[in-house]
Amino acid sequence: MLDTSPLTAAVERFADRLRAAPQSRLQQGAAEVALDLARELSLRAQRLEAASADGTAAGDAAGAAPARTMPDAGIFVVGDQLAVAGLDLAEALHAAVADPAGAPGPDGPDTAKAPSEVLDEAVRLVDQAEARALR
């Protein structure tokens with residue numbers, strides 16, 4: 001089982017800081033950075049889910065449904081959007097590990113990554129976005 005607690009902890013910490021941030025900070029770009037991150041995490045989760053559903057490597061699903069883009073619901077809900085996207089990615093990673101036939105792995109195409117690599121990269125993305133948004 002893949003331990004996704006580093007991702008969920010990082011996402012929850014950033015989301016909590018966004019929820020507590022003053023409106024002026026959110027308007028100065030923190031909300032935009034967080035929404036971009038939430039959209040990226042959401043797309044990664046969708047790619048993993050599509051790969052698990054059809055047994056292909058992530059991003060290689062021919063004829064897969066187009067990715068859904070997280071809408072801009074406003075600066076005051078971006079923390080919640082980030083939390084949802086992060087938890088979706090954590091669940092998709094769990095599913096990818098549970099279904100090794102559909103999960104991308106080290107023997108897959110160059111574009112495929114092992115779930116642990118996807119997890120590490122996602123944690124780095126969250127940390128970097130938090131530093132940019134709330135510096």
Side-chain angles (χ1 to χ4, degrees):
M1 162 112 350
L2 183 64
D3 179 16
T4 59
S5 62
L7 175 60
T8 56
V11 165
E12 283 300 325
R13 180 187 63 241
F14 187 15
D16 286 345
R17 290 187 69 194
L18 289 164
R19 292 178 189 120
Q23 180 177 353
S24 60
R25 173 63 61 114
L26 295 170
Q27 290 173 325
Q28 291 170 355
E32 182 179 350
V33 169
L35 181 59
D36 288 344
L37 175 63
R39 286 176 172 166
E40 179 62 28
L41 296 179
S42 175
L43 290 174
R44 290 171 187 238
Q46 290 176 63
R47 284 194 299 261
L48 280 171
E49 290 166 351
S52 291
D54 67 8
T56 62
D60 292 345
R68 296 168 309 279
T69 303
M70 185 169 288
D72 183 347
I75 63 172
F76 297 113
V77 297
V78 73
D80 295 329
Q81 289 180 295
L82 176 60
V84 167
L87 292 176
D88 282 351
L89 180 55
E91 287 301 315
L93 286 165
H94 283 292
V97 170
D99 180 19
D107 298 329
D110 292 336
T111 58
K113 294 180 182 173
S116 61
E117 291 178 72
V118 175
L119 173 66
D120 293 342
E121 189 174 275
V123 172
R124 277 193 304 277
L125 287 174
V126 173
D127 290 342
Q128 291 168 355
E130 183 177 12
R132 278 193 323 275
L134 301 172
R135 58 180 170 217

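When reading the values below, keep in mind they use all heavy atoms of this one structure, side chains included, and skip hydrogens, waters and symmetry mates.
To the nearest 0.5 angstrom, E91 atom CD is 12.0 Å from L48 atom CG. Note that CZ of R25 and CZ of R135 are 9.0 Å apart. Values are rounded to the nearest 0.5 Å. Expressed to the nearest 0.5 Å, how far CZ of R19 lies from CD of E12 amounts to 5.5 Å. Atom CG of L37 sits about 8.0 Å away from atom CZ of R132, to the nearest 0.5 Å. Atoms CG and CE, from L93 and M1 in turn, are 11.0 Å apart once rounded to the nearest 0.5 Å.
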Practice item. Kindly indicate, with the supporting measurements, whether the criterion side chain to side chain contact (heavy atoms under 4.5 Å, CB included) is fulfilled by L119 and D3. Key: CA-CA 9 Å; L119 173 66; D3 179 16; 5.9 Å; no

Check your understanding: What do the steps show when you test S42 against Q46 for side-chain hydrogen bond (donor to acceptor under 3.5 Å, both in side chains), and what is the final call?
Key -> CA-CA 6 Å; S42 175; Q46 290 176 63; 3.1 Å; yes

Check your understanding: How far apart are the C-alpha atoms of D72 and L35, what are their side-chain angles, what is the distance that settles it, and do they pass the side chain to side chain contact (heavy atoms under 4.5 Å, CB included) test?
Key -> CA-CA 7 Å; D72 183 347; L35 181 59; 3.7 Å; yes

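For R17, the side-chain hydrogen bond (donor to acceptor under 3.5 Å, both in side chains) partners are E130, not counting sequence neighbours.
Connection of V123 to L43 is not established within any shared hydrophobic cluster, with ILVMFWY side chains joined at heavy-atom distances below 4.5 Å, either directly or through further cluster members. Residues V33 and F76 are members of separate hydrophobic clusters, defined by side-chain heavy-atom contacts under 4.5 angstrom among Ile, Leu, Val, Met, Phe, Trp and Tyr. L26 and L82 fall within a single hydrophobic cluster, where Ile, Leu, Val, Met, Phe, Trp and Tyr are joined by side-chain heavy atoms under 4.5 Å apart, directly or via other members. Under the 4.5 Å side-chain contact rule for hydrophobic residues, L87 and V78 do not share a cluster. Under the 4.5 Å side-chain heavy-atom criterion for ILVMFWY residues, a single connected hydrophobic cluster contains both V11 and I75.
Nearest heavy atoms, A30 versus A133: CB-O, 3.5 Å. Taking all atoms of both residues into account, the shortest heavy-atom contact from L7 to A90 is CD2-N, 4.1 Å. A pairwise comparison of heavy atoms in A45 and A92 identifies O-CB, 3.8 Å as the closest pair. Here the closest heavy-atom approach between residue V118 and residue K113 is recorded as CG2-CB, 3.8 Å.
In this structure, the side chains of L125 and R44 come closer than 4.5 Å at one or more pairs of heavy atoms. Using a 4.5 Å cut-off on side-chain heavy atoms (C-beta onward), L41 and V126 make contact.
Side-chain atoms of Q81 come within 3.5 Å of backbone atoms of P71 as a donor-acceptor pair (strictly under, hydrogens ignored). R39 contributes no side-chain N or O that, together with a main-chain N or O of T69, makes up a donor-acceptor pair within less than 3.5 Å.
By the 4.0 Å N-to-carboxylate-O rule, D16 lies too far from R13 to be salt-bridged with it.
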